[in-house]
Amino acid sequence: MLSSLIAPKNAEAGHRKFATGIDACQLTRLSTFGDHRGNLAVIEAMTDIPFEVRRVYYLYDFTGAKRGGHAHKRLEQLFIALAGSFDVILDDGKRRKNVRLKSPAEGLYVCPMIWREIENPAPGSVCLVLASTHYDEKDYFRSYKEFAANV
Ligand code: TYD
C-alpha cells in the first residue's frame, strides 16, 4: 500500500520528493508470518516503508495526557501500536483525520509537514515509532500557528 511512495531502486539518494498532505499518511498492513508459535511482523526499509530507519523510540506508560502536538519539517515516521490502541490525529493545515491504531500488524506512515496528536490510549498501550532521521529539535514546529503559516 505504501509502494507508491517508495522511490525506484535506481533513484539518486537524497533526491526523492516527499509525498505530502494527509492522503500520503496511510495505514498499511505489515508483512506477518504466523504459525502455532504466534505471529512475527517484518518491516524492511525502502521496501515496506519509503525511508531508511535512523532512529527508533517508543511511548509507554501513557497517562492519557495528549502527546505529540507538533509537526516535522523533513522527518518521516511509521507509528505502530505494539500493544493496546490509541488515536493518532493528523492535520496537514487543511484537513484532519483520526486514525485509531489497534494492531501490531499495521503501521501508520506519517509524511513531513503533518501536525499530529496522540490521544485516548487504552491502558498498557505501547507506541513504537520508526523515524527517518536522528533527533533534531530544529526539525520541529511546536506551534500550530507557525506550522500553519509554513504549510
Ligand atoms: P516530545 O517531542 O515532547 O514527545 P511527544 O512527541 O511524544 O509529545 O519529547 C519528549 C522529550 O523527549 C523531549 O524533551 C525531547 C526528547 N526526545 C529526545 O531526546 N529524542 C527523541 O528522539 C524524541 C522523540 C524525544
Side-chain angles (χ1 to χ4, degrees), residues 1-2 4-7 11 13-32 39-151:
M1 199 176 160
L2 295 177
S4 62
L5 303 175
I6 295 170
H15 287 256
R16 184 169 68 82
K17 279 188 77 176
F18 294 125
T20 53
I22 212 113
D23 292 333
C25 298
Q26 296 168 12
L27 189 63
T28 188
R29 194 94 202 141
L30 304 177
S31 299
T32 55
N39 294 314
L40 183 156
V42 179
I43 302 155
E44 287 273 359
M46 305 311 291
T47 300
D48 300 313
I49 52 174
F51 59 87
E52 298 284 4
V53 178
R54 296 232 162 75
R55 177 164 52 108
V56 173
Y57 64 92
Y58 48 95
L59 309 173
Y60 61 101
D61 289 348
F62 281 92
T63 63
K66 196 182 282 186
R67 295 212 64 128
H70 60 250
H72 289 279
K73 297 171 190 169
R74 294 185 61 80
L75 182 70
E76 296 173 272
Q77 292 165 301
L78 189 80
F79 285 74
I80 300 165
L82 272 195
S85 60
F86 45 85
D87 293 323
V88 185
I89 294 128
L90 304 170
D91 179 334
D92 66 6
K94 296 187 188 75
R95 288 186 295 149
R96 282 168 80 85
K97 78 176 171 190
N98 183 345
V99 182
R100 185 141 189 104
L101 292 189
K102 49 183 182 298
S103 166
E106 57 191 30
L108 175 66
Y109 171 75
V110 178
C111 65
M113 295 303 286
I114 299 288
W115 188 267
R116 85 290 307 280
E117 279 155 14
I118 301 172
E119 294 182 5
N120 302 318
S125 293
V126 179
C127 172
L128 177 71
V129 183
L130 309 186
S132 65
T133 71
H134 295 290
Y135 178 72
D136 177 7
E137 189 57 38
K138 293 193 293 299
D139 188 63
Y140 281 74
F141 285 111
R142 293 214 182 253
S143 140
Y144 186 85
K145 209 171 150 192
E146 198 194 344
F147 161 69
N150 282 277
V151 187

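Computed from a predicted model, the values in this text were never measured in an experiment. Start at 1 and go down the list; that is how both ligands and their atoms are numbered.
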**Fill in**
Between the CD atom in Gln77 and the SG atom in Cys25, the distance rounded to the nearest 0.5 Å is 10.0 Å
Judged by atom type as modelled, is there a donor-acceptor pair below 3.5 Å linking the side chain of [X] to the main-chain atoms of [Y]?
X: Asp92; Y: Ile22; answer: yes
X: Asp139; Y: Arg74; answer: yes
X: Ser132; Y: Leu75; answer: no
X: Lys97; Y: Asp23; answer: no

**Candidates Tyr144, Tyr140, Phe147, Phe141 - the one meeting ring pair (Phe, Tyr, Trp, His ring centres under 6.0 Å) with His70** = Tyr140
Please tabulate, line by line, the atom pairs linking an N/O of ligand 1 to a protein N/O at a distance below 3.5 Å, with the distance in Å to 0.1, or answer 'none'.
residue, atom, partner, partner atom, Å
ligand 1, 2 (O), Arg142, NH1, 3.3
ligand 1, 2 (O), Arg142, NH2, 3.3
ligand 1, 4 (O), Arg67, NH2, 3.2
ligand 1, 7 (O), Arg67, NE, 2.7
ligand 1, 7 (O), Arg67, NH2, 3.1
ligand 1, 8 (O), Gly68, N, 2.9
ligand 1, 22 (O), Arg55, NH1, 2.5

